[in-house]
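Notes for the one structure printed next.
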Amino acid sequence: MTLPDLLDEARALVDAELARRLAGDADDPGRLWEAMRYAVLGGGKRLRPALVLAAARAAGGTWEGALPAAAAVELLHAYTLVHDDLPAMDDDDERRGRPTVHVAFGEGTAILVGDALLTEAFAALAALGPRCAEAVAVLADRAGARWLLAGQARDLAGGATSLAELERMHAGKTGALFSAAAELGAIAAGAGADARARLRRYGMALGIAFQHADDLADGDHPRFAAEARRRLGELAADARAEIAPLGDPARPLAALIDWVAASAA
């Protein structure tokens, strides 16, 4: 399976699961469920849930077994986007060619949508059964005040004055959820500690590399562009080294890091 095929197949599977989870109730006060569906089902590459599925297969599991974790990661990612777009944060009026949630439904509803999607993310992990507790602990750690929210707080505080500070911010805002996605795939597969650690480190390297590539493509942080391009290559090499012992089942993960590195070439 090529990388585009993998992403297309994963997106179709995840979209169906997300639509099922967000079907809601006939009684929809304040159009809350409608706004939740608007936030989640309006497009996107589904890269993070695809990473969950690819990591699960690399660790000896199945896509079906990892689907709850894939849905959880995308629901949590969607919540961060809804809140990031708010006037008090990035104040964005458009996302993916459509009005942002607070523009389409109002700021109060947008706050509730983010809260609801975050809650639904952890509810989705309950379907992992005996592996639920480990998965909840990982997602709560990576999405909480030590990682993802810390990265956002650093951004709000004024950004970075060195590449090291920039990477620390990227590790929180982007790398943490990539890291969680890869480790959740391993947990869903019932993998051991070594595979979990390798996939966790792979996900972090992939996430920081992804953000460097995105910055380079958009012309963000131009003062760090040359250093970021060098680091992108180093991070890609680190990510490949982490998954090398997993063998042939990890080829889609290798293709993901190759794609990220090539996008900034």
| query | Of Arg142, Arg201, Arg198, which is the lone residue that meets salt bridge (Lys or Arg N to Asp or Glu O under 4.0 Å) with Glu183? | reply | Arg142

| query | Under 3.5 Å, side chain of Arg96 to main-chain N/O of Gly43, donor-acceptor pair present? | reply | yes

| query | With the 4.5 Å side-chain cut-off for hydrophobic clustering, are Leu81 and Val113 part of the same group? | reply | no

| task | Quickly, which of Thr80, Asp155, Asp84 forms a side chain to side chain donor-acceptor pair (under 3.5 Å) with Lys173? Name it, please. | result | Asp155

| query | Please walk me through it: do Arg231 and Glu227 pass salt bridge (Lys or Arg N to Asp or Glu O under 4.0 Å)? | reply | CA-CA 6 Å; Arg231 280 291 293 149; Glu227 292 177 281; over 6 Å; no

| said: Would you compute the distance between atom CG of Leu163 and atom CZ of Arg223 and round it to the nearest 0.5 angstrom? | reply: 10.5 Å

| said: Does the plane of the ring in His170 sit parallel, tilted or perpendicular to the ring in His212? Use 30° and 60° as the thresholds. | reply: perpendicular

| task | Report yes or no: does Asp28 contribute a side-chain atom to a donor-acceptor pair with the main-chain N or O of Glu34 at less than 3.5 Å? | result | yes

| remark: Nearest heavy-atom approach of Ala188 to Gly65 is CB-O, 3.9 Å

| field | Arg98 CZ: over 12 foreign heavy atoms closer than 6.0 Å | value | yes

| task | Could you give me the CA-CA distance, side-chain angles and deciding distance for Thr174 and Leu148, then say whether side-chain contact (heavy atoms from CB on, under 4.5 Å) is met? | result | CA-CA 7 Å; Thr174 306; Leu148 193 154; over 6 Å; no

| Same cluster for Leu47 and Leu41 if Ile/Leu/Val/Met/Phe/Trp/Tyr side chains link at under 4.5 Å? | yes

| Shortest non-hydrogen contact between Leu128 and Ala135, atoms and distance | CD1-CB, 3.6 Å

| request: Would you verify whether the NZ or CZ of Arg31 falls within 45 degrees of the ring axis of Tyr38 while also being under 6.0 Å from that six-membered ring's centre? | output: no

| Side-chain touch Pro68/Arg21, heavy atoms, less than 4.5 angstrom | yes

| field | Distance (rounded to the nearest 0.5 Å) between Arg37 CZ and Leu32 CG | value | 9.5 Å

| ring pair (Phe, Tyr, Trp, His ring centres under 6.0 Å) partners of residues 125-159, not counting sequence neighbours, each pair once | none

| request: Would you check if Tyr79 and Glu120 make a side-chain contact, meaning some heavy-atom pair closer than 4.5 Å? | output: no

| remark: Nearest heavy-atom contact between Ala70 and Leu53 is CB-CD2, 3.9 Å

| query | Are side-chain heavy atoms of His83 and Gln152 found at a separation under 4.5 Å? | reply | no

| Is Met204 close to Ile208 at the side-chain level, that is, under 4.5 Å between some pair of heavy atoms? | yes

| task | Look up atom CD in Glu107 and atom OG1 in Thr100, then write down how far apart they are to the nearest 0.5 Å. | result | 9.5 Å

| Going from CD on Glu134 to CG on Leu184, what distance comes out if it is rounded to the nearest 0.5 angstrom? | 10.5 Å

| task | Determine whether Ile243 and Ile257 make a side-chain contact, defined as any pair of heavy atoms from C-beta on separated by less than 4.5 Å. | result | no

| said: Do Leu253 and Val52 land in one hydrophobic cluster if side-chain heavy atoms of ILVMFWY residues count as linked below 4.5 Å? | reply: yes

| request: Assess whether side-chain contact (heavy atoms from CB on, under 4.5 Å) is satisfied between Met89 and Leu156, documenting all intermediate values. | output: CA-CA 8 Å; Met89 301 287 278; Leu156 289 173; 4.0 Å; yes

| query | Shared ILVMFWY cluster between Leu232 and Leu235, side chains joined below 4.5 angstrom? | reply | no

| request: Determine the interplanar angle of the His221 and Phe224 rings, folded into 0 to 90°, and report it as parallel if under 30°, tilted if 30 to 60°, perpendicular if over 60°. | output: tilted

| said: Return the CG to CH2 distance between Leu6 and Trp63, rounded to the nearest 0.5 Å. | reply: 4.5 Å

| field | Derivation of the side-chain contact (heavy atoms from CB on, under 4.5 Å) call for Tyr202 and Leu51 | value | CA-CA 11 Å; Tyr202 162 87; Leu51 176 55; 3.7 Å; yes

| Mind checking whether Ile187 and Leu75 sit in one hydrophobic cluster, side chains of I, L, V, M, F, W, Y counted as touching below 4.5 Å? | yes

| remark: Shortest non-hydrogen pair, Ala186 vs Leu199, comes out as CB-CD1, 3.6 Å

| message | Do Leu256 and Phe210 make a side-chain contact, defined as non-hydrogen atoms from C-beta onward lying under 4.5 Å apart? | response | no

| request: Flag the pair Lys45 / Leu7 as yes when at least one side-chain heavy-atom distance between them is below 4.5 Å, and no otherwise. | output: no

| task | Check whether any side-chain N or O of Ser179 sits under 3.5 Å from a backbone N or O of Arg200 as a donor-acceptor pair, and report yes or no. | result | yes

| Minimum-distance pair of heavy atoms, taken over all atoms of Ala78 and Leu117 | CB-CD1, 3.9 Å

| said: Would the distance check show the side chain of His102 and the main-chain N or O of Gly108 forming a donor-acceptor pair, the cut-off being under 3.5 Å? | reply: no

| query | With distance as the sole test, does Glu165 use its side chain to make a donor-acceptor pair with the main-chain N or O of Thr161 at under 3.5 Å? | reply | yes

| message | So, using side-chain hydrogen bond (donor to acceptor under 3.5 Å, both in side chains) as the criterion, who are the partners of Asp258 when residues are at least two apart? | response | Arg240

| query | What closest approach, in Å, do Ala189 and Ala56 show between heavy atoms, and which atom pair accounts for it? | reply | CB-O, 3.5 Å

| Are side-chain heavy atoms of Leu76 and Leu118 found at a separation under 4.5 Å? | yes

| query | To the nearest 0.5 Å, what is the distance between CD (Glu74) and CZ (Arg11)? | reply | 11.0 Å

